[in-house]
Amino acid sequence: GPMVSPGYTDPVLNQEAFEVDGDGTRWYCTKDCLAPRGDGFVFSGRADDLVKVGGAWVDTRDVEQRVAASNGVDEVCICGSDAFVALRWLQEGTVSALRSALPPGFSLFVVPSLPRRPGTGKVDRRRLQDLLRAGLVEAHEAKERRLCAEELASLIRWYWPLSVVA
């Protein structure tokens with residue numbers, strides 16, 4: 001529309017970032033995906049590999065390349081701000097090197113292998129996210145069980161002398 005910038009100085013970037021409609025109006029492609037809802041639209045994700053971390057846009061492909069260049073890394077897959085890494089070997093300093101290759105705010109998960117889609121052999125990102133959610137639920141439930149056991153032990157220590165005197 002009329003408020004769109006004249007563009008980049010690089011013509012290749014201009015071609016990738018702008019589209020011209022039938023009327024000759026230039027439109028900037030934001031890469032935001034919208035889904036119709038009611039009488040409007042709702043944001044449903046992005047069409048590129050950018051994620052916003054700490055107020056800054058990070059290209060996950062760059063992060064993937066940095067992590068993949070670390071010693072011992074077999075495969076890497078970035079899903080949002082979660083880095084899943086399969087290692088060929090693990091030696092002292094490997095995990096700290098991987099963490100230093102990640103931007104602040106990213107989580108690191110070392111996995112035995114990355115799940116693949118049958119037929120295509122591509123990394124199954126949805127399965128990785130499902131595994132992550134399942135692991136977080138299990139970890140949360142284990143923490144809650146531990147906290148409840150500690151609270152019960154504390155109550156027993158507090159009330160035990162009172163019940164013996166009766």
Side-chain angles (χ1 to χ4, degrees), residues 17 28-166:
Y28 177 70
C29 301
T30 64
K31 306 284 182 164
D32 290 339
C33 295
L34 303 175
R37 180 173 290 168
D39 61 348
F41 294 93
V42 63
F43 177 77
S44 63
R46 294 200 42 90
D48 58 12
D49 295 322
L50 294 179
V51 294
K52 198 166 198 175
V53 180
W57 287 104
V58 176
D59 188 342
T60 58
R61 292 172 297 181
D62 292 339
V63 176
E64 234 170 56
Q65 289 173 352
R66 277 200 317 262
V67 172
S70 299
N71 281 338
V73 172
D74 192 27
E75 305 182 274
V76 180
C77 182
I78 306 289
C79 296
S81 60
D82 300 317
F84 297 90
V85 180
L87 299 172
R88 283 190 293 273
W89 68 82
L90 182 62
Q91 61 189 27
E92 189 173 337
T94 302
V95 173
S96 60
L98 292 173
R99 288 209 183 278
S100 67
L102 292 173
F106 270 66
S107 301
L108 172 65
F109 299 93
V110 177
V111 295
S113 64
L114 298 176
R116 302 279 175 188
R117 289 185 167 192
T120 65
K122 292 181 178 179
V123 174
D124 190 344
R125 293 173 183 266
R126 181 170 290 142
R127 177 108 172 94
L128 279 174
Q129 289 294 336
D130 291 344
L131 291 171
L132 175 63
R133 278 191 286 279
L136 291 176
V137 168
E138 289 172 19
H140 178 71
E141 289 173 353
K143 180 181 176 185
E144 287 298 317
R145 283 193 299 275
R146 182 183 53 79
L147 290 173
C148 287
E150 289 173 3
E151 183 67 22
L152 178 61
S154 172
L155 289 172
I156 289 172
R157 280 192 308 275
W158 173 259
Y159 286 110
W160 186 258
L162 298 176
S163 62
V164 173
V165 173

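Everything numeric in this text was worked out from a predicted model, so none of it was measured.
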Which pair of non-hydrogen atoms, one from Ser113 and one from Ala86, has the smallest distance, and what is that distance?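 For Ser113 and Ala86, the tightest heavy-atom pair comes out as CA-CB, 4.0 Å.
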Closest heavy-atom contact between Ser96 and Gly93?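 Looking at all heavy atoms of both residues, the closest pair is OG-O, 3.0 Å.
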For the residue pair [X] and [Y], establish whether any side-chain heavy-atom pair is separated by less than 4.5 Å.
X      : Y      : result
Val63  : Phe106 : yes
Leu108 : Val85  : yes
Arg126 : Pro115 : no
Leu34  : Val42  : no

Value rounded to 0.5 Å, distance of [atom1] in [X] from [atom2] in [Y]:
X      : Y      : atom1 : atom2 : result
Leu98  : Ser100 : CG    : OG    : 7.5 Å
Arg125 : Cys79  : CZ    : SG    : 5.0 Å
Arg66  : Leu102 : CZ    : CG    : 7.5 Å
Asp124 : Arg117 : CG    : CZ    : 5.0 Å
Arg99  : Ser70  : CZ    : OG    : 12.5 Å

Show, in sequence, the C-alpha distance, side-chain angles and deciding distance for Leu128 and Leu114, and conclude whether the side chain to side chain contact (heavy atoms under 4.5 Å, CB included) test is met. CA-CA 8 Å; Leu128 279 174; Leu114 298 176; 4.2 Å; yes
Whether over 12 other heavy atoms sit under 6.0 Å from Arg37 CZ: no
